[in-house]
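Below is one structure, written out as structure tokens; the observations come after it.
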Amino acid sequence: MSETTVMLLGAGDRTRELALAFEHLGADVVSVDDHADVQALTVLIDEKNPRYVVADTETVATEVLVEIAGRDGVEVFPTPRAARLSLDGEGLRRLAADELGLPTAPFWFAGSAEELTAIAKHAGFPLVVKPVAAAPGEGESVLLRPEDVEPAWRSAVAGGKLSLQRVIAETVVEVDVEVTLLTVRTTGPSGPTVSFCEPIGHHQTTSDALESWQPQQLSPAALDSAKSIAARIVNSLGGRGVFAVELLVRGDEVYFSDVRPRLHDSGLVTLRSQRLSQFELHARAVLGLPVDTIMISPGAVEVTYAGDEGAAADTGVLRTVVAEALAVAESDIRVFPGGTPWLGLSLATAPDPIVARDRARRVATALRRLRVTE
């Protein structure tokens with residue numbers, strides 16, 4: 001076994017970016033795209049004998065991570081417990097609210113449309129209904145009246161990653177902004193430590209685009225609360241690496257929403273806003289190396305998702321679009337023709353995040369011309 005061998009479980013552009021971050025630190029990276037075949041994965045682990053196994057996907061079976069973590073000399077990230085809770089919205093919410101006492105929006109769980117009807121009658125409208133295990137926004141809807149219950153139930157149980165036939169219903173909380181607080185957990189001679197990136201604001205502009213910016217200004221009280229919430233949930237999950245803690249902020253009030261024990265699309269802004277991107281921070285933390293979360297410039301990114309139609313392959317169109325996008329001041333792009341899930345990343349920096357957001361939007365407008373049209 002090599003002390004620098006990292007087995008990376010995942011596929012796609014994000015995983016490739018993470019693999020590069022590990023390689024730049026001298027690690028020998030073994031990337032595994034097909035991690036659904038448990039037997040084949042076990043054989044490969046026996047063959048490669050990695051020092052670290054890093055899951056950059058939520059589709060790796062938890063029992064596999066448990067088996068790997070039980071081996072001598074192998075560290076698994078995220079921890080099996082954190083991986084399990086990332087797929088168990090009910091367990092995660094009960095950990096946050098009931099065990100750790102973190103502030104959350106009022107919530108209930110339902111295992112049938114009838115139970116959801118009873119919750120709506122008790123809690124009132126509006127209510128947000130979503131699967132207990134799903135990507136942000138997937139299978140989510142808002143109940144405004146009793147007749148919305150049945151369609152919301154069907155949408156939620158169909159939209160989750162797992163067929164759990166269980167949903168979470170939350171009171172709608174009026175908030176100023178949704179924030180990702182990237183929290184880096186490391187360990188050293190004095191024990192575990194956590195550090196925080198500057199808050200990242202984000203907004204799902206359309207079904208196929210996500211906008212995020214850094215920093216999102218918070219009041220001193222809100223920032224203190226955000227860091228306290230993030231530290232408590234991350235330390236409870238354990239392990240090393242970058243955790244994307246999702247928060248809802250209204251004035252000085254901060255509510256816990258979710259946590260992902262891995263990299264997040266809203267954190268892609270760090271490719272230009274920070275000295276170390278979220279990929280580099282994750283690699284350093286996993287390998288037990290020093291980290292810093294210094295922001296070097298306000299920045300913004302618009303992530304345009306490819307969808308089913310992919311992107312145009314015409315070289316002339318691509319060159320024209322790239323030239324137009326890069327004509328925006330302090331801009332940068334990542335284009336993934338025909339790839340998934342991203343069509344492109346529109347990045348920009350500026351003296352303040354408002355200008356950076358405007359620049360990133362202008363870059364994104366150019367990149368959208370890459371979409372295939374009939």
With [X] via salt bridge (Lys or Arg N to Asp or Glu O under 4.0 Å) - residues at least two apart:
| X | value |
| --- | --- |
| Arg93 | Glu170 |
| Arg357 | Glu211 |
| Arg81 | none |
| Arg94 | Glu90, Asp98 |

So does [X] pair up with [Y], basic N to acidic O under 4.0 Å?
| X | Y | answer |
| --- | --- | --- |
| Glu75 | Arg51 | yes |
| Glu324 | Arg319 | no |
| Asp358 | Arg361 | no |
| Glu253 | Arg250 | yes |

Checklist entry - In the hydrophobic clustering (ILVMFWY, side-chain contacts below 4.5 Å, transitive), which residues join Leu237, or is it alone? => result Leu85, Leu92, Leu95, Leu100, Leu102, Val177, Val179, Leu181, Val194, Phe196, Trp213, Leu218, Leu223, Ile229, Ile233, Val234, Phe243, Val245, Leu247, Val249, Val254, Phe256, Val259
Is [X] reaching over with its side chain to a backbone N or O of [Y], donor-acceptor style, under 3.5 angstrom?
| X | Y | answer |
| --- | --- | --- |
| Asp176 | Gly251 | yes |
| Thr117 | Ala113 | yes |
| Asn49 | Asp46 | no |
| His282 | Val242 | yes |
| Arg240 | Ala285 | yes |
| Gln204 | Ala209 | yes |
| Glu246 | Glu178 | no |
| Ser86 | Arg260 | no |

For the residue pair [Y] / [X], report whether a side-chain donor-acceptor contact shorter than 3.5 Å exists.
| X | Y | answer |
| --- | --- | --- |
| Gln216 | His202 | no |
| Asp28 | Thr4 | no |
| Ser297 | Ser273 | no |
| Ser212 | Ser266 | no |

Checklist entry - Does a sphere of radius 6.0 Å around CG in Leu20 hold more than 12 heavy atoms from other residues, nucleotides or ligands, not counting ones at 6.0 Å or beyond? => result yes
Checklist entry - Does a side-chain heavy-atom distance below 4.5 Å link Pro215 with Met295? => result yes
Item to check | 4.5 Å side-chain heavy-atom contact, Glu115 and Trp108 | outcome: no
Checklist entry - Of Ile168, Leu127, Ile119, which is the lone residue that meets side-chain contact (heavy atoms from CB on, under 4.5 Å) with Phe107? => result Ile168
Checklist entry - If you look at every heavy atom in Pro298 and Asp352, which pair is closest and at what distance? => result CB-C, 3.8 Å
Checklist entry - For residues 271-283, which residue pairs qualify under salt bridge (Lys or Arg N to Asp or Glu O under 4.0 Å), counting only residues two or more places apart or in two chains? => result Arg272-Asp332, Arg275-Asp292
